[in-house]
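Notes to accompany the following structure.
Just follow the structure's listing: the first ligand is 1, and inside any ligand the first atom is 1. If you're wondering where the values come from, they're calculated on a predicted model, not measured in any experiment.
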Amino acid sequence: MTILGIETSCDETAAALVRRHADGSGEILANIVLSQIKDHAPYGGVVPEIAARAHASHLDRLIGRALAEAGLKLDEVDGIAATAGPGLIGGLLVGLTTAKALALAKDKPLAAINHLEAHALTPRLLGRLDFPYLLLLISGGHTQVQIVEGVGRYRRIGTTIDDALGEAFDKTAKLLGLPYPGGPQVEILARQGNPRRFDFPRPLKGREGCHFSFSGLKTAIRETVEDLRPLSSADIADICAGFEAAVADTMRDRLGRALRLFKNEFPDVRQPVLVVAGGVAANQTLRRTFESVAARSGFALLVPPAHLCTDNAAMVAWAGAERLALGLADPLDAPARARWPLDPDAKRLTGAGVKA
Ligand code: KG4
Ligand code: ZN
């Protein structure tokens with residue numbers, strides 16, 4: 001089964017072709033991502049209207065290029081998958097409407113994909129991985145721990161009660177005058193800094209449950225920046241290092257709890273697996289933290305390569321393949337959804353900026 005995937009939920013316009021073989025294994029035939037980072041950089045973050053317009057002007061050509069790269073015609077595709085949510089509604093409408101038009105014109109089944117499900121199922125595109133497994137999703141918009149029990153079956157055991165982790169990296173970078181997106185910049189500068197000079201808070205550390213919070217950390221950094229101004233390059237490096245150390249320490253605690261919870265629920269899983277996905281998974285310091293937490297609890301750590309951890313359309317096509325293989329096609333009036341929690345039963349946490 002060969003699926004065309006389309007991703008337009010945030011600031012990447014992407015198209016991909018992925019094949020799912022009869023034995024359940026996957027193969028990427030083409031995977032093209034056009035980043036809009038340059039369009040948004042002057043504003044220090046993603047501007048929804050600019051994103052939607054850029055998707056609309058590039059998507060059709062990108063689909064054409066992906067088909068050409070895979071050596072396929074649209075008629076040879078078995079289904080069309082597009083991200084239908086969660087995300088910025090303008091961009092979602094561009095991608096989903098394009099997918100519907102192609103599905104209607106070519107009489108192909110449509111898969112309206114939850115972007116978070118696409119991240120969650122990515123490791124199954126890369127190799128054999130049985131359900132259940134644990135997913136830590138850390139990106140600019142999301143910070144969640146989900147138990148992945150099957151296609152369409154998720155249980156959220158942790159989420160952020162305020163900012164997403166990538167957002168915390170980006171806001172820290174902005175406070176320090178570093179360009180957007182800030183995560184990679186903070187990581188590079190942190191390597192030269194002293195992680196012990198500042199003792200930033202470890203939000204929720206030691207508390208019950210597996211939720212996350214990062215806004216207190218951001219406030220502490222803002223106060224430090226205001227106290228020190230003007231900042232020297234050593235100050236900036238030390239703040240970056242202190243911030244990363246606080247994040248690593250918090251993650252060690254919160255994630256450790258999630259791993260224990262999974263083990264209690266699934267004592268029969270012989271080799272439990274922790275999957276980490278999302279743009280922040282590219283951070284090497286945090287990756288070492290995840291490795292040690294996983295190893296200590298007897299988990300194998302699986303981090304897809306960076307280009308499949310960040311937003312892309314291969315993951316959307318693959319989620320479409322998994323769903324269509326189970327007969328889960330969507331009607332042509334499937335809605336785009338700005339909010340779309342993976343686990344509809346999870347309690348919606350109240351508070352400013354709560355992420356689904
Ligand atoms: O998954 P992603 O590409 O897009 C979505 O948000 O969906 O994630 C982007 C986020 C940004 O907040 C960016 O600053 C962060 O991932 N990021 C990093 C690193 N690379 C990207 N954060 C920390 N360290 C990095 N090396
Ligand atoms: Zn994403």
Side-chain angles (χ1 to χ4, degrees), residues 5-14 16 31 33-37 40-41 44-46 48 51 55 82-88 91-92 95 113-123 135-144 146 160 163-176 178-191 193 212 214 217-218 240-241 243-248 250-251 275-290 303-316 318-319 338 340-342 353 355-356:
I6 295 172
E7 160 62 37
T8 56
S9 68
C10 191
D11 60 345
E12 265 99 20
T13 316
N31 186 19
V33 180
L34 185 72
S35 169
Q36 303 174 1
I37 281 181
H40 301 285
V46 178
H55 291 308
T83 300
L88 300 173
L92 291 170
I113 299 299
N114 182 314
H115 180 89
L116 306 176
E117 172 157 65
H119 277 300
L121 297 176
T122 301
L135 168 75
L136 170 68
L137 178 60
I138 38 177
S139 70
H142 303 280
T143 302
Q144 314 193 336
Q146 298 269 358
T160 177
D163 294 346
L165 182 52
E167 197 179 355
F169 269 93
D170 295 337
K171 286 180 174 170
T172 297
K174 202 169 181 178
L175 286 167
L176 296 173
L178 304 172
Y180 175 85
Q185 310 282 335
V186 171
E187 175 171 21
I188 291 165
L189 291 171
R191 287 190 204 127
F212 303 89
F214 297 105
L217 183 52
K218 177 187 64 194
C240 288
F243 167 79
E244 255 188 11
V247 168
T250 302
M251 296 304 285
V275 174
V276 183
V280 187
N283 186 290
Q284 296 300 321
T285 306
L286 291 181
R287 198 179 286 210
R288 280 194 295 278
T289 303
F290 302 146
V303 187
H307 69 286
L308 294 173
C309 262
T310 53
D311 289 350
N312 66 87
M315 68 179 191
V316 177
W318 176 252
W340 186 2
L342 257 190
K355 299 294 180 289

Next on the checklist: Between T83 and T8, does the side chain to side chain contact (heavy atoms under 4.5 Å, CB included) criterion hold? Intermediate values first, please.
Outcome noted: CA-CA 7 Å; T83 300; T8 56; 5.6 Å; no
Checklist outcome for this item: So CD of E167 and CD1 of I138: to nearest 0.5 Å the spacing works out to 14.0 Å
Checklist entry - Side chains of L342 and E117: closer than 4.5 Å at any heavy-atom pair? => result yes
Checklist entry - Is there at least one pair of N or O atoms, one from G166 and one from ligand 1, spaced under 3.5 Å apart? => result yes
Checklist entry - Nearest protein heavy-atom contact for atom 24 (N) of ligand 1: which residue, which atom, what distance? => result N283 ND2, 3.0 Å
Item to check | Per-atom contacts of ligand 1 with G141, taking only distances under 4.0 Å to non-hydrogen atoms | outcome: 6 (O)
Next on the checklist: Using a plain distance cutoff, I'd like to know if G278 has any nitrogen or oxygen under 3.5 Å from a nitrogen or oxygen of ligand 1.
Outcome noted: no
Item to check | Atom pair CD (E7) and CG (D311), whose distance is rounded to the nearest 0.5 Å | outcome: 5.0 Å
Checklist entry - Hey, which atoms in ligand 1 end up nearer than 4.0 Å to a heavy atom of V280? => result 15 (C), 16 (O), 18 (C), 22 (N), 23 (C)
Next on the checklist: With a cut-off of 2.8 Å, does H115 put an N/O/S atom close enough to the Zn ion (ligand 2)?
Outcome noted: yes
Next on the checklist: Checking the N or O distance criterion of under 3.5 Å, is ligand 1 in contact with P181?
Outcome noted: no
Next on the checklist: I'd like to check L286 versus L165 (side-chain heavy atoms, cut-off strictly below 4.5 Å). Are they in contact?
Outcome noted: yes
Checklist entry - Which heavy atom of the protein is the closest neighbour of atom 10 (C) of ligand 1, given with residue, atom name and distance? => result G140 N, 3.5 Å
Checklist entry - Could you go step by step and tell me if I6 and V316 meet the side chain to side chain contact (heavy atoms under 4.5 Å, CB included) rule? => result CA-CA 7 Å; I6 295 172; V316 177; 5.8 Å; no
Next on the checklist: Would you call the rings of F212 and F214 parallel, tilted or perpendicular, taking 30° and 60° as the class edges?
Outcome noted: parallel
Checklist entry - What's the shortest distance from atom 18 (C) of ligand 1 to any protein heavy atom, and which residue and atom give it? => result G183 CA, 3.6 Å
Item to check | Element-labelled atoms of ligand 1 that are located less than 4.0 Å from some non-hydrogen atom of S139 | outcome: 1 (O), 5 (C), 6 (O), 7 (O), 8 (O)
Checklist entry - Among protein heavy atoms, which lies nearest atom 26 (N) of ligand 1, and at what distance? => result E187 OE1, 2.7 Å
Checklist entry - Which residue and non-hydrogen atom of the protein lie closest to atom 11 (C) of ligand 1, and at what distance in Å? => result D170 OD2, 3.6 Å
Next on the checklist: Can you give me the closest heavy-atom contact between Q284 and E187, atom names plus distance?
Outcome noted: N-OE2, 2.7 Å
Item to check | Atom name, D311 (N, O or S, nearest to the Zn ion (ligand 2)) | outcome: OD1
Checklist entry - Has H119 got an N/O/S atom less than 2.8 Å from the Zn ion (ligand 2)? => result yes
Next on the checklist: Would you say T13 and Q36 are linked by a side-chain donor-acceptor pair, where the criterion is simply a distance under 3.5 Å?
Outcome noted: yes
Item to check | For atom 4 (O) of ligand 1, closest protein heavy-atom neighbour | outcome: D311 OD2, 3.5 Å
Checklist entry - Got an N/O contact under 3.5 Å between T310 and ligand 1? => result no
Checklist entry - Side chains of W340 and L116: closer than 4.5 Å at any heavy-atom pair? => result no
Checklist entry - Which protein heavy atom lies closest to atom 1 (O) of ligand 1, and at what distance to 0.1 Å? => result G279 N, 2.9 Å
Checklist entry - How long is the span from the OH atom in Y180 to the NZ atom in K174, to the nearest 0.5 Å? => result 10.0 Å
Checklist entry - With only distance considered, is H119 within less than 3.5 Å of ligand 1 through an N or O on each side? => result no
Next on the checklist: Within the structure, is a non-hydrogen atom of C10 found at a distance of less than 4.0 Å from ligand 1?
Outcome noted: no
Checklist entry - What distance separates M251 CE from T285 OG1, expressed to the nearest 0.5 Å? => result 13.0 Å
